[in-house]
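On a predicted model such as this, the values are computed, not experimentally measured, just so you know. Quick note on labels: first sequence line is chain A, next is B, and so on, each numbered from 1. Below, all heavy atoms of this structure are taken into account, side chains as well, without hydrogens, waters or symmetry copies.
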2 protein chains.
Amino acid sequence: MTGNLKDRHFPDVMECWARLQRSSGAVLSRVEVRLKAEGFPPLGWYDVLLELRRADGVGLRPVDIEKRMLLAQYNVSRLIERLVGASYVDKRRAPDDGRGVMIFLRPEGEALLERMWPVYREAVETEFAAHLDDEEAETLWKLLGKLLP
Amino acid sequence: MTGNLKDRHFPDVMECWARLQRSSGAVLSRVEVRLKAEGFPPLGWYDVLLELRRADGVGLRPVDIEKRMLLAQYNVSRLIERLVGASYVDKRRAPDDGRGVMIFLRPEGEALLERMWPVYREAVETEFAAHLDDEEAETLWKLLGKLLP
DNA sequence: TTAAAATAGATGCAGATGCATGAAAATACA
DNA sequence: TGTATTTTCATGCATCTGCATCTATTTTAA
């Protein structure tokens, strides 16, 4: 059933697709396991805090975070809710837009980034990077870029 | 902070890692949206039914499904529970192992595979394969293989 | 053979996600 | 200007996932 129509693709488009999902999922779960084992929150927390640090004190709108992280709107809303609850970020009314809010990184959030970083980097190094040399990583990076929106 | 230690990697291991997660997640969600729009269940259902069809009438143990799909044990257990509830599979006691069960594909499950397949293939073609030529797909396939367990 | 360890699977509970929808403000445009 | 549309964010509800743990059975090994 798989590959009987216009089988012009190598080795089979569906195989390649399945491998993308399996391999990225497997590596992600191994990295998450390592972080959890050290008592850290999920990677999504790190990613949001990192985006905020890149914003460099200016603060971000949830809608910006949503676009940068490719997350659903309600997902961002609740992730921020948890980050506020854990005192890693502040949420204030947006000064120039009555509908919106602005999210700011707190020192506690910055500290969490600092503490997570070495564990995170080590995990990605071991579970991901160790399997590829520089040239392979570069090629992978370029190919994956073609899949981005 | 990102890339200050032994920056021998291109362009940055963390960038490559992030792109793997972003791109695979983005493509997956677009494919799932298409399936849902046609009224179909999540991809995980399809994947289990497909594994069962590949088993060709013999049936599979949940533990086999777990290993093939790289899912957590409780996740498989509950996915099967839903598939049984929806009458897509049967669950019987394993004849040779009193602890276990055997899962069998029912005709209704086979029919679901048939109905989902064209939509699924079209979605993967559009959201994934259309962005890569054959050679690129082959290269990607090989690189991703290095990340598998 | 019998006790300890490992394996297969289920499940209660808490937390997270997806969906649909709501409220409030901004923008478009007639 | 005034109304319709769009944008921003929150939330009730159902479903799904993760964790820890439980039972039952099989395997190991003393």
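- As a whole-Å value, the separation of D96(B) CG from dT26(D) C1' is 11 Å.
- One can place NZ of K67(A) at 13 Å from C1' of dC9(D), the figure rounded to the nearest angstrom.
- The residues E15(B) and R19(B) are annotated as not salt-bridged, no charged nitrogen and carboxylate oxygen being separated by less than 4.0 angstrom.
- For DNA chain C, the neighbouring residues in residues 21-43 of chain B, judged by any heavy atom under 4.0 Å, are K36(B).
- The interatomic distance linking L83(B) (CG) with dA10(C) (P) rounds to 12 Å, in whole Å.
- The CZ-C1' distance, from R61(A) to dA26(C), rounds to 10 Å in whole Å.
- Across its full length, the helix from dT1(C)-dA30(D) to dA30(C)-dT1(D) shows an angle of 30° between the axes of its 5 terminal pairs at either end, rounded to 10 degrees.
- Electrostatic pairing of R106(B) and E110(B) does not count as a salt bridge here, judged by no charged N lying under 4.0 Å from a carboxylate O.
- Residues from residues 71-78 of chain B lying near DNA chain C, meaning a heavy-atom separation below 4.0 Å, are Q73(B), Y74(B), S77(B), R78(B) in numerical order.
- Remark: C1' of dT8(D) and NZ of K91(A) are 12 Å apart, rounded to the nearest angstrom.
- The pair R61(A)-D97(A) meets the salt-bridge criterion, with a side-chain N (NZ, NE, NH1 or NH2) lying under 4.0 Å from an Asp/Glu carboxylate O.
- With hydrogens and angles ignored, no donor-acceptor pair under 3.5 angstrom links the side chain of R99(B) to the base of dT26(D).
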Exercise. Please lay out, stage by stage, how L50(A) and R53(A) fare under the test side chain to side chain contact (heavy atoms under 4.5 Å, CB included).
Key: CA-CA 5 Å; L50(A) 189 58; R53(A) 182 162 63 189; 3.9 Å; yes
